[in-house]
Amino acid sequence: MNTVVAGITFRAMLGRRRIVLLILLPVFLIGMAFALRLLGDADQATAVSLLQAFSIGTMLPLLGLIAGTGVIAPEIDDGTIIHLLSKPISRPVIAQTKFLVAATMLVLFAAIPTYAAAWILIREEAGIALGFAIGATVAGFAYAAVFLLLGVVTKHAVAIGVVYALIWEGLIGNFVPGARKFSIQQWGQTIADQLTDVPFLKSDVAIGFAVPALVIVTVGAVVLAGLRLRSFSLTGDE
């Protein structure tokens with residue numbers, strides 16, 4: 001990781017309007033948890049439903065899109081990436097650093113709020129809070145890598161990412177049984193399932209498939225992003 005690149009990227013992410021979007025979704029999640037607690041609906045089934053449907057099912061892919069594309073796509077769009085690429089920094093290192101920044105954002109704005117929401121509802125019961133937080137973390141890493149790669153390979157990363165997050169992950173991945181095996185959020189739910197002790201949380205994807213898939217997608221996407229950066233011309237043509 002290059003600390004200079006990381007510092008510049010963090011400042012850019014925290015200083016843009018994206019930070020508002022990064023904050024709104026987790027605030028809404030925690031607000032729903034407080035509301036359910038006050039209404040007396042704080043039980044394990046409610047907590048699992050909230051975390052499955054909103055935290056991992058909706059919030060995580062959208063935050064992954066914001067963070068993953070946000071760390072590099074704007075620089076490519078406005079041409080400032082050329083200044084960075086002209087520095088004596090390995091381009092794979094640039095991609096790795098951008099990924100780590102995006103992954104950190106997802107831990108802060110997705111995994112920790114997921115834990116907080118579950119804790120508000122049911123404290124530490126059945127390991128639900130920790131299990132979903134870890135599931136959100138590892139799935140968040142995969143989202144960060146995939147959307148980083150998308151930001152490098154196309155100027156339409158946000159539009160394509162929205163379609164992917166809402167259509168594939170949100171609809172097809174949830175309602176088409178065969179497609180669940182190739183859904184990042186389903187892999188994250190598999191991790192949560194393994195770490196919790198509740199009978200009504202059952203993943204359709206085996207842990208033996210989910211873990212290697214998460215590793216391959218995360219590492220592969222970051223490597224491909226670094227290779228793609230190597231092909232960028234310093235003339236700004238790309």
Side-chain angles (χ1 to χ4, degrees), residues 1-2 5-6 8-10 12-13 18 22 56-77 81 84-85 89-111 134-170 172-173 179-192 205 207-232 238:
M1 183 180 78
N2 185 284
V5 174
I8 293 171
T9 306
F10 271 119
M13 287 294 295
R18 282 182 179 82
L22 288 170
I56 290 185
T58 301
M59 182 180 76
L60 187 62
L62 290 177
L63 291 181
L65 173 62
I66 295 167
T69 60
V71 294
I72 197 165
E75 296 177 2
I76 295 175
D77 290 341
I81 190 70
L84 178 59
L85 296 179
I89 305 172
S90 167
R91 297 187 184 189
V93 169
I94 292 174
Q96 293 160 19
T97 302
K98 298 287 189 179
F99 161 73
L100 289 174
V101 171
T104 301
M105 290 288 183
L106 290 175
V107 171
L108 293 175
F109 294 104
I134 293 175
T137 297
V138 294
F141 290 169
Y143 279 127
V146 167
F147 289 126
L148 169 69
L149 175 61
L150 196 59
V152 172
V153 300
T154 177
K155 293 182 179 180
H156 307 290
V158 174
I160 296 172
V162 167
V163 172
Y164 171 80
L166 296 182
I167 304 301
W168 180 262
E169 292 286 311
I172 297 176
R180 292 174 185 171
K181 195 171 185 179
F182 304 100
S183 168
I184 294 174
Q185 68 169 271
Q186 294 295 327
W187 302 341
Q189 288 186 32
T190 296
I191 302 297
V205 182
I207 188 68
F209 180 89
V211 171
L214 284 164
V215 173
I216 292 170
V217 167
T218 302
V219 174
V222 175
V223 170
L224 289 174
L227 293 175
R228 173 57 179 158
L229 284 179
R230 282 181 172 175
S231 69
F232 269 55
E238 295 184 288

Over all heavy atoms of both residues, which pair between [X] and [Y] is shortest? Give the atoms and the distance, please.
X	Y	value
L214	A139	CD2-CA, 4.1 Å
A111	A136	CA-CB, 4.1 Å
L60	A110	CD1-CB, 3.7 Å
V5	T9	O-OG1, 2.8 Å
L106	A144	CD1-CB, 3.9 Å
P61	I56	CD-O, 3.3 Å

Using side-chain heavy atoms (C-beta onward) and a distance below 4.5 Å, is [X] in contact with [Y]?
X	Y	answer
W168	V163	no
I184	Y164	yes
T104	F10	yes
V71	F147	no
I207	I191	yes

Looking at [X] and [Y], would you say the former's side chain and the latter's main chain have a donor-acceptor pair under 3.5 Å?
X	Y	result
W187	P212	no
T97	N2	yes
T218	V215	no
R91	L229	yes

Can you name the side chain to side chain contact (heavy atoms under 4.5 Å, CB included) partners of [X], sequence neighbours left out?
X	value
L100	M1
V222	Q96, F99, A145
S90	P92, V93
A73	T69

Would you give the length of the straight line joining atom [atom1] of [X] to atom [atom2] of [Y], rounded to the nearest 0.5 angstrom?
X	Y	atom1	atom2	answer
I94	R230	CD1	CZ	11.0 Å
I72	L148	CD1	CG	5.5 Å
I160	K155	CD1	NZ	13.0 Å

Worksheet, complete the sentence: Contacts of T190 meeting side chain to side chain donor-acceptor pair (under 3.5 Å) (sequence neighbours excluded), chain-then-number -> S203

Discussion item. For L62 and L166: C-alpha separation, side-chain torsions, deciding distance, then whether side-chain contact (heavy atoms from CB on, under 4.5 Å) applies.
Written reply: CA-CA 8 Å; L62 290 177; L166 296 182; 4.1 Å; yes

Response to the item:
residues 139-149 vs side-chain hydrogen bond (donor to acceptor under 3.5 Å, both in side chains), sequence neighbours excluded, gives Y143-E169

Worksheet entry | All pairs passing salt bridge (charged side-chain N to carboxylate O under 4.0 Å, His left out) where residues 93-107 contributes a residue, at least two apart |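 Found E75-K98.
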
